[in-house]
Amino acid sequence: MTAQILDGKRIGAQIRDEVAAGVELLRARGLRPPGLAAVLVGENPASRVYVASKVKACAEAGVFSEKIEMPQSSTTAEVLARVEALNRREDIDGILVQLPLPPQVDEGAVLSLIDPAKDVDGFHPVNVGRLVLGQPAFEPCTPAGIMQMLRRSGVRLQGKRAVVVGRSHIVGKPMALLLLREHATVTICHSRTQDLPGVCREADVLVAAIGKATLITHEFIRPGAVVVDVGMNRITNPEEAARAFGGDEARIRQVREKGSTLVGDVLPTAMWELASLYTPVPGGVGPLTIAMLLSNTLKSAKIRLGA
Ligand code: NDP
C-alpha cells in the first residue's frame, strides 16, 4: 500500500486565502474587517506560541486582532470582567480564551460567559448544544478543520466505519458528532476502552486524539484506512525517534541536533505502511485549526454586519 498524505498545510493555506478574499469583499463594500480578541492568561509558553501564531495568521488574512494579556495571578472575576467587556465591543466578532487557564480560574464560568455569537472556538454550551442538535453553530476549530480536509480530499464518509480515539470536549466529542452528521457509523474510544486495537482495526476512518506519542501502532490500523493523527507530542530520545520514523534520517538528526521532534499519536511507520491516506505530523491537522479560527471569525463578522 502506498499511502498518500492528507495535506493540511495546503488545505489550511487554501482556507486562509478564502478568508482573505472574504475580508476583501467586506472592505470593498465599505465594511470594517472582522475582529478577533485573544485572551491569554498567565505564562504558559505553549499558549504564548499558539496565541502569537493566531495573531500572525489574522494579520495575514486582513483580520483585525487584539491580544489581551493577563497575569498568572488573575482571578475568575477579573477574567470574566475582560470577557464581558469584549462581549460589548462592536468591533470584536470573535473571542478566544486560550486554554489551559491557571488553576484558580473557573474555566467553565469563563467559557460560558462568552457571547455565543462571538464564540469562534465553539466551546460555549449553546454552540455545543446546537452542534448536538444539528443546528447551525460555531464548530470547534480542530474537528471542523479535519472535516474540511476530508471533504476537500474527496474522502467519502457516508456509511463508513469511523473510530475516534479520545473524548475531549475540544477534539474527540465534537469530531464524533461531525462524522455522525456526515452519516458515518461512529465509535468513540477512550482510556477505558477494552481491546482498543481491535476496535480501531474496524475503522475505515481512524481519528487519534489522545496525546500519547505513537500509541497507535500497526495492529490498530486496517490496511487501506484513512488515518487522521491529531496528536502533537515531543519526543527527545533518538532511539525512540528511530523506532517511530524508521529510516527517516532527517527526523532522527533533528532529535540529536535540536533536542526533540514532533510526533503524533500514531506510529508514522504504521501509517506509511498501512493507510491509504494519512495526516503527517507536523503539517497535517495543525495548520487547519488556525485556518478554521479565521474562517469562524469571518463567519461571525458577516452575521454581525448583516453582510
Ligand atoms: P485530552 O487529554 O483532553 O484527551 C485525551 C483523550 O485521550 C481522553 O479522552 C482520554 O481518555 C484518551 N486517552 C488517553 N490515554 C488513552 C489510552 N491509553 N487509550 C485510549 N484513550 C486514551 O486531549 P485533547 O483532546 O485536548 O488533545 C489530544 C491530542 O491532540 C494532544 O496531543 C493535543 O496536543 C492534540 N491537539 C492538537 C491540535 C492541533 O491543532 N493539531 C488541537 C488540539 C489538540 P479519558 O477520557 O478516558 O481520559
Side-chain angles (χ1 to χ4, degrees), residues 5-9 11-13 15-16 38 44-54 56-57 96-101 107-108 111 120-123 128 139-150 163-179 186-203 206-217 219-221 227-235 244 260-268 270-271 278-296:
I5 68 163
L6 286 163
D7 192 345
K9 234 186 206 166
I11 295 169
I15 294 170
R16 282 155 66 150
N44 184 320
S47 294
R48 290 196 162 269
V49 172
Y50 292 142
V51 168
S53 43
K54 288 168 186 176
K56 181 165 170 274
L96 84 83
V97 176
Q98 187 64 45
L99 302 178
L101 289 166
E107 181 182 302
L111 296 182
V120 286
D121 262 338
F123 298 156
V128 176
E139 297 164 3
C141 299
T142 301
I146 292 169
M147 295 307 286
Q148 283 291 332
M149 178 166 59
L150 295 175
V163 173
V164 180
V165 191
R167 56 175 165 178
S168 70
H169 300 325
I170 294 172
V171 190
K173 276 185 199 159
M175 185 76 247
L177 287 166
L178 291 173
L179 288 164
V186 183
T187 303
I188 306 176
C189 300
H190 45 76
S191 65
R192 325 279 160 90
T193 297
Q194 291 186 4
D195 185 22
L196 186 62
V199 179
C200 290
R201 257 196 325 271
E202 290 178 9
L206 177 62
V207 181
I210 310 162
K212 298 246 155 78
T214 68
L215 181 106
I216 304 293
T217 54
E219 57 169 337
F220 292 67
I221 301 174
V227 180
V228 176
D229 189 357
V230 186
M232 290 204 298
N233 314 289
R234 286 220 163 264
I235 52 174
S260 71
T261 192
L262 211 54
V263 70
D265 292 337
V266 186
L267 184 70
M271 290 197 284
Y278 72 95
T279 56
V281 178
V285 173
L288 295 164
T289 301
I290 292 184
M292 293 313 292
L293 177 69
L294 297 179
S295 173
N296 279 350

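Residue numbers run from 1 in the order of the sequence given. Counting starts at 1 for both ligands and their atoms, following the listed order. Computed from a predicted structure; not experimentally measured.
- Around the NE2 atom of H190, the shell of radius 6.0 Å holds more than 12 heavy atoms that belong to other residues, nucleotides or ligands.
- Remark: ligand 1 and S191 share an N or O pair separated by less than 3.5 Å (distance only, no angle test).
- Scanning the protein for heavy atoms near atom 40 (O) of ligand 1, the closest one is T289 OG1, 2.7 Å.
- The main-chain N or O of D229 is never found under 3.5 Å from a side-chain atom of D265 such that the two would form a donor-acceptor pair.
- Close contacts of ligand 1 with A209, meaning ligand atoms under 4.0 Å from a residue heavy atom, involve 5 (C), 6 (C), 7 (O), 28 (C).
- Protein heavy atom in closest approach to atom 34 (O) of ligand 1: M232 O, 3.8 Å.
- Between V165 and ligand 1, no pair of N/O atoms sits closer than 3.5 Å.
- Short contacts between ligand 1 and G211, defined as distances under 4.0 Å to a heavy atom of the residue, involve ligand atoms 28 (C), 29 (C), 31 (C), 32 (O).
- Residue, atom and distance of the protein heavy atom nearest to atom 19 (N) of ligand 1 are L196 CD2, 3.7 Å.
- Of the protein's non-hydrogen atoms, T142 OG1, 3.3 Å is the one closest to atom 42 (C) of ligand 1.
- Residue K212 approaches ligand 1 through these ligand atoms, each under 4.0 Å from one of its heavy atoms: 14 (C), 15 (N).
- What sits closest to atom 20 (C) of ligand 1 on the protein, heavy atoms only, is H190 O, 3.2 Å.
- Between the CD1 atom in I221 and the CG atom in L267 there is a gap of 8.0 Å [rounded to 0.5 Å].
- In this structure, atom 46 (O) of ligand 1 lies nearest to the protein heavy atom R167 NE, 2.7 Å.
- Of the listed residues (I216, V228, V266), just one forms a side-chain contact (heavy atoms from CB on, under 4.5 Å) with L206, and that residue is I216.
- Separating the CG atom in D195 from the SG atom in C200 is a distance of 9.0 Å, to the nearest 0.5 Å.
- Contact between V51 and Q98 at its shortest, heavy atoms only, is CG2-OE1, 3.6 Å.
- Considering S168, G166, P287 only, the shortest heavy-atom separation from atom 12 (C) of ligand 1 involves G166.
- The heavy atom nearest to atom 44 (C) of ligand 1, considering only V171, L262, V164, is found in V171.
- The minimum heavy-atom distance linking L288 with G8 is given by the pair CD2-O, 4.0 Å.
- Using a 4.0 Å cut-off to heavy atoms of N233, the atoms of ligand 1 that qualify are 32 (O).
- Note that OG of S168 is 11.5 Å distant from CE of M175, once rounded to the nearest 0.5 Å.
- Nearest non-hydrogen protein atom to atom 16 (C) of ligand 1 is I210 CG2, 3.6 Å.
- From the protein, the heavy atom lying nearest to atom 36 (N) of ligand 1 is V230 O, 3.7 Å.
- The two residues L178 and A144 come nearest to each other via the heavy atoms CD1-N, 3.8 Å.
- In summary, the atoms of ligand 1 found under 4.0 Å from a heavy atom of G286, numbered by their order in the structure, are 40 (O), 41 (N).
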